[in-house]
Amino acid sequence: MALATALLRAVYLICIALVTCYAGGSFYLILVYLRHARTTQPLPPRVSEDQLPKITVQVPLFNERYVARRAVDAVAALDYPRDRLHIQILDDSIDDTPDLIQGRIAQLKHDGLCIDLIHRKDRKGYKAGALANGLQYTDGELIAIFDADFVPPPDFLQRTVPYFLVDEKLALVQTRWGHLNDDDNILTRSQALALDSHFGVEQYARSSDGIVMSFNGTGGVWRRTAIESAGGWQTDTLTEDFDLSYRAQLKGWHFRYVRDVVVPGEIPAQMNAYKHQQARWAKGSTQVLVKMVGPVLRSQMSIRNRIMGTLQLMQYAIQLVILTLLLITPPMILLHAFEHLSVAPFSLLALTAPVLYALGQLALRRDGWWRRLIYFPSLLLFCSGMSLNNGRAAFSALLRIPSEFKRTPKFHLTGQSKQWTRSQYARVLGSPEITGEVILGLYSLIGLILAVFMEPSLVMYMLFYTAAFFLVVGWELWDRWLITRPERSPERESLRQPGR
């Protein structure tokens with residue numbers, strides 16, 4: 001018994017130390033941000049039209065019947081000299097998406113726009129494969145990338161391309177994600193709060209202080225020679241953007257983040273869609289951790305960048321540590337393993353999360369910035385309740401288990417609550433974790449009961465996880481009911497299809 005107690009205490013302290021190191025990275029970014037918060041980002045240099053280079057705009061699609069037409073129209077409206085603009089619609093769809101946009105693309109071609117529909121049937125390499133395939137058919141010096149659910153403003157290229165003309169080692173200009181449907185429900189509002197902290201504070205701090213950062217997969221412009229010198233788009237991870245970012249920076253390229261250029265996109269309003277997105281990000285980023293942590297630590301980067309890069313690579317793998325902490329807490333309560341065990345000094349770093357989210361709102365919403373903060377508790381509950389979903393994905397990456405790239409379904413949401421329930425994509429989603437989440441919810445409930453009688457200091461901790469798992473399970477079951485409820489009429493089975 002004494003050996004088991006000692007082992008649990010050792011595992012607990014190791015986990016606490018790892019979480020503390022990770023939280024310390026976030027705390028450091030907050031300090032860096034505060035140092036640069038009042039600094040005005042430089043505007044793009046003024047250039048004449050004849051100085052602008054050739055650019056290719058790539059829009060990768062896979063089964064995007066509800067948003068494909070909108071995406072085509074958005075990139076077609078970009079303000080850029082037509083003789084130096086090439087648009088590629090990279091469509092790997094196996095549904096009727098190509099049929100819905102072929103006519104519009106033909107019309108744009110007739111009007112003089114250089115736009116091509118490249119349709120692959122094998123989907124080899126998923127998004128990375130589509131992007132790499134598209135590069136074979138263009139000579140653009142710069143490559144702009146937009147996911148299907150993002151709507152760039154017409155002046156996007158005019159406000160990003162000039163940065164490349166004055167900095168030969170600039171590989172990427174990343175812009176900020178906005179939100180098309182953040183007011184759909186509590187889930188979307190909570191996600192918006194998290195995204196705002198990332199784009200309002202984290203990316204801003206990294207770019208302003210020369211800290212290693214990543215491409216966010218959409219809303220960015222790459223220098224083609226940087227992509228090629230870093231080894232091109234590679235298909236061995238599910239987050240090709242994260243992977244290429246680190247390979248490029250290890251080659252000596254650097255990135256710029258422009259917070260004032262906003263590209264709004266769709267936030268998952270359905271729990272299963274959110275789970276698919278998070279699982280893909282968790283597995284992909286952990287695959288990049290396995291692939292790149294060695295090269296990063298052995299690189300000629302500064303010590304600071306090696307540390308901050310490693311912590312960023314761990315962003316989803318840390319979920320396994322957090323899940324381990326939860327799993328060992330009830331046995332430790334039973335064995336009285338918390339006696340004389342104080343982790344109070346480490347708990348102070350837990351304050352980094354609310355400070356980070358508050359700064360994100362303050363940075364992006366000067367008026368009424370505090371209103372979004374009421375969703376901070378729900379965000380923490382959703383994130384904690386997703387620990388099994390994300391931890392399982394990260395663990396499979398550590399075991400090098402291959403998996404399919406599962407797209408996040410888009411529903412052309414614009415703040416109309418429950419609109420997604422009429423989509424054919426809503427039915428194809430499944431969540432294998434729901435049984436495990438029920439079990440973990442019950443396990444946390446048992447831990448809560450034990451804490452009430454044996455370790456009162458842990459009551460709130462166990463109550464929090466009990467609520468988190470049952471919230472995620474309850475939300476998913478509610479979504480299923482919305483899709484399958486009997487009163488659904490046949491004429492409501494599909495969303496409006498733009499352009500049809």
Side-chain angles (χ1 to χ4, degrees), residues 7-27 190-191 194 197-198 202 274-275 277-286 289-290 293 310-333 337-338 341 343-354 356-357 376-399 433 436-448 451 455 457-473:
L7 181 60
L8 286 173
R9 286 167 65 95
V11 173
Y12 186 83
L13 288 174
I14 291 172
C15 289
I16 287 291
L18 289 172
V19 173
T20 299
C21 290
Y22 185 78
S26 297
F27 182 70
S190 300
Q191 292 174 74
S197 70
H198 174 68
E202 293 177 318
Y274 182 46
K275 281 185 173 182
Q277 180 196 70
Q278 291 298 304
R280 187 178 73 250
W281 290 357
K283 181 158 189 173
S285 66
T286 307
L289 168 66
V290 172
V293 68
T310 299
L311 291 176
Q312 187 178 37
L313 290 170
M314 290 173 55
Q315 60 186 318
Y316 277 96
I318 199 70
Q319 292 275 352
L320 286 171
V321 179
I322 294 171
L323 193 57
T324 300
L325 278 173
L326 172 66
L327 292 174
I328 65 175
T329 296
M332 289 183 67
I333 295 174
F338 285 101
L341 184 64
V343 293
F346 303 113
S347 63
L348 293 175
L349 284 173
L351 295 174
T352 57
L356 187 64
Y357 296 136
F376 176 65
S378 61
L379 172 61
L380 291 186
L381 286 171
F382 283 126
C383 290
S384 300
M386 295 282 287
S387 58
L388 176 62
N389 179 79
N390 297 345
R392 177 176 174 269
F395 189 62
S396 70
L398 293 176
L399 296 180
E433 289 83 16
E437 287 160 353
V438 171
I439 292 172
L440 280 178
L442 294 173
Y443 183 77
S444 300
L445 179 60
I446 293 171
L448 171 61
E455 196 67 47
S457 64
L458 293 172
V459 166
M460 292 305 297
Y461 175 74
M462 298 309 306
L463 177 62
F464 179 81
Y465 271 98
T466 302
F469 284 115
F470 285 127
L471 172 63
V472 169
V473 170

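Values in this document were obtained by computation on a predicted structure and should not be read as measured data.
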Once you round to the nearest 0.5 Å, how far does [atom1] of [X] lie from [atom2] of [Y]?
| X | Y | atom1 | atom2 | result |
| --- | --- | --- | --- | --- |
| L326 | M462 | CG | CE | 5.0 Å |
| M314 | L18 | CE | CG | 6.0 Å |
| N390 | T286 | CG | OG1 | 9.0 Å |
| K275 | R392 | NZ | CZ | 10.5 Å |
| H198 | Q315 | NE2 | CD | 8.0 Å |
| L325 | I16 | CG | CD1 | 5.0 Å |

Kindly give the heavy-atom pair with the smallest separation between [X] and [Y], and that separation in Å.
| X | Y | value |
| --- | --- | --- |
| T329 | Y12 | OG1-CE1, 4.4 Å |
| G447 | P330 | CA-CG, 4.0 Å |
| A279 | A393 | O-CB, 3.4 Å |
| C21 | L311 | O-CD1, 3.9 Å |
| S378 | S190 | OG-OG, 2.7 Å |
| L356 | S197 | O-CB, 3.8 Å |

Exercise. If you count the non-hydrogen atoms of other residues, nucleotides and ligands that lie under 6.0 Å from CZ in F395, is the total more than 12?
Worked result: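 12 or below, so no.
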Problem set entry | Heavy-atom neighbours of R9 CZ exceed 12 at 6.0 Å |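 More than 12 within 6.0 Å, yes.
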[Y] side chain reached by [X] side chain, heavy atoms, under 4.5 Å:
| X | Y | answer |
| --- | --- | --- |
| L448 | L445 | yes |
| F470 | L442 | yes |
| I322 | Y465 | yes |
| L381 | F464 | yes |
| L388 | V472 | no |
| L351 | F27 | no |
| P331 | L8 | yes |
| L440 | L323 | yes |

Exercise. Under 3.5 Å, is there a donor-acceptor pair between the side chain of Y443 and the main chain of L327?
Worked result: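 Answer holds: yes.
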For this session: Would you check if the side chain of S285 reaches a backbone N or O of A282 as a donor-acceptor pair within less than 3.5 Å?
Result: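 The answer is yes, because a donor-acceptor pair under 3.5 Å joins these two groups.
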For this session: Show your reasoning for whether side-chain contact (heavy atoms from CB on, under 4.5 Å) applies to Q278 and Y316.
Result: CA-CA 9 Å; Q278 291 298 304; Y316 277 96; 2.8 Å; yes
Problem set entry | Derivation and outcome, side-chain contact (heavy atoms from CB on, under 4.5 Å), residues N389 and E437 | CA-CA 8 Å; N389 179 79; E437 287 160 353; 4.3 Å; yes
